[in-house]
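Questions regarding the structure given below will be posed in turn.
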Amino acid sequence: MDWLMRMNRALDHIETNLSNEISLNDVAQCACCSSYQFQRMFSFITNVPLAEYIRRRRLTLAAIELQNSDAKVLDVAIKYGYESPVSFARSFHALHGVNPARAKEKGTALKAYPRLSFLISIKGVEPMNYRIETKESFEVFGIEKKFSVNGKETPADLWKQSHENGDVEKLALHANGLPEVLDQNYHPVHAVCSYRPTEEETFPYMLCAFKKETSATAGYTVMTIPAHTWAIFSSEPFAWDQLGEVMETLYKRFFSEWLPTAGYEQVDGLEFEVTGSKDGLQFVELWFAVRKIN
């Protein structure tokens with residue numbers, strides 16, 4: 001329930017400040033997590049980006065105000081964060097299908113996006129394969145890039161570029177195999193996210209290999225991952241072309257089904273995307289650094 005309270009507290013903050021400037025960092029603090037972490041959780045749970053939800057709520061309230069008051073379009077535009085009536089009219093029309101002036105006419109059909117609330121719901125009986133493991137600190141090395149939370153470039157672009165220019169293959173060779181303590185069916189190259197602090201509205205992402213004594217790390221970023229408790233979610237075997245769908249499903253179930261009821265919280269958004277293959281099929285493990293909620 002503590003998780004639900006935090007998430008709904010963040011929504012309360014948004015709702016209270018729809019006619020003011022909203023800092024996504026302040027919203028995330030209400031949920032006791034980073035801006036990046038909150039926006040990811042929100043998107044996976046609701047299937048709507050946080051910024052888009054805020055936009056829809058503002059335009060919903062703007063339409064109600066135009067229909068039920070003598071407020072001028074310009075005043076309503078400024079109230080809900082638009083710098084000009086032109087940009088307001090463009091967004092308003094995209095959502096409602098009519099311009100703001102038409103909204104004042106009786107009988108005009110408009111759309112309303114109600115305020116969200118997070119609740120626990122019962123969703124079927126499909127099992128989730130996971131385990132809780134405590135691991136001592138270990139090192140990874142690889143190709144690091146910093147991304148903007150709402151930027152056009154994504155980690156998928158880094159993967160694509162690194163496959164095309166051979167960087168993934170080189171990293172695999174420089175790893176020189178997997179540490180013996182790991183499942184030897186894992187692939188040599190994985191990804192780690194949010195393993196160090198960065199500027200607000202950004203997050204670090206690294207295509208990485210697990211470091212061992214014989215790994216060649218020159219020219220790569222090397223990071224020490226502290227000791228953590230990990231919630232590790234594993235997929236069923238699948239064909240490689242299903243990778244994106246499988247990973248999205250695992251993420252969504254972690255955030256929407258497991259995290260709200262498990263008595264754990266995620267630690268700073270730290271997570272690994274680990275892939276492997278066995279008997280001709282692929283599998284994925286998502287490692288989430290977690291801690292017990294007191």
Review point. So, does Glu169 use its side chain to make a donor-acceptor pair with the main chain of Ser162 at under 3.5 Å?
Key: no
Point to revise | Chi angles and distances behind the side-chain hydrogen bond (donor to acceptor under 3.5 Å, both in side chains) call for Tyr251, Glu273 | key: CA-CA 10 Å; Tyr251 271 117; Glu273 299 169 350; 2.8 Å; yes
Review point. How far apart are the C-alpha atoms of Asp75 and Lys79, what are their side-chain angles, what is the distance that settles it, and do they pass the salt bridge (Lys or Arg N to Asp or Glu O under 4.0 Å) test?
Key: CA-CA 6 Å; Asp75 293 338; Lys79 179 177 180 179; over 6 Å; no
Review point. Would you say the side-chain atoms of Gln39 and Glu201 include a donor-acceptor pair closer than 3.5 Å?
Key: yes
Review point. Would one find more than 12 heavy atoms of other residues, nucleotides or ligands at under 6.0 Å from atom CD of Glu105?
Key: yes
Check your understanding: Any side-chain heavy atom of His96 sitting closer than 4.5 Å to one from Thr108?
Key -> no
Exercise for review: Determine whether more than 12 heavy atoms belonging to other residues, nucleotides or ligands lie under 6.0 Å from atom CD of Glu133.
Suggested key: yes
Check your understanding: Are Leu50 and Ile14 close enough that some pair of their side-chain heavy atoms sits under 4.5 Å apart?
Key -> yes
Review point. Considering residues at least two apart in sequence or located in another chain, which fulfil the salt bridge (charged side-chain N to carboxylate O under 4.0 Å, His left out) criterion with Arg58?
Key: none
Point to revise | Considering all heavy atoms, the nearest Trp3-Met41 contact | key: NE1-SD, 4.0 Å
Review point. Taking all non-hydrogen atoms of both residues, which atom of Ala63 and which atom of Leu110 are closest, and how far apart?
Key: CB-CD1, 3.8 Å
Exercise for review: Determine, using ring centers only, whether Phe272 and Phe138 are less than 6.0 Å apart.
Suggested key: yes
**Study point:** Flag if over 12 foreign heavy atoms under 6.0 Å of CD, Glu248
**Key:** no
Check your understanding: Phe254 and ring-ring contact (aromatic ring centres under 6.0 Å, His included): which partner among Trp287, Tyr264, Phe233?
Key -> Phe233
Point to revise | Nearest non-hydrogen partners of Ala231 and Val290, listed with the distance | key: N-CG2, 3.9 Å
Point to revise | Within 45° cone and under 6.0 Å: Lys146 NZ/CZ vs Phe203 ring | key: no
Review point. Excluding sequence neighbours, so at least two apart, what forms salt bridge (charged side-chain N to carboxylate O under 4.0 Å, His left out) with Lys212?
Key: none
Check your understanding: Under 4.5 Å between any side-chain heavy atoms of Gln282 and Thr275, yes or no?
Key -> no
Point to revise | Crowding at CD, Gln184 (>12 non-hydrogen neighbours, <6.0 Å) | key: yes
Point to revise | Chi angles and distances behind the side-chain contact (heavy atoms from CB on, under 4.5 Å) call for Trp159, Leu207 | key: CA-CA 8 Å; Trp159 273 106; Leu207 307 189; 3.2 Å; yes
Practice item. State which residues pass salt bridge (charged side-chain N to carboxylate O under 4.0 Å, His left out) with Asp157; sequence neighbours excluded, sorted by chain then number. Key: none
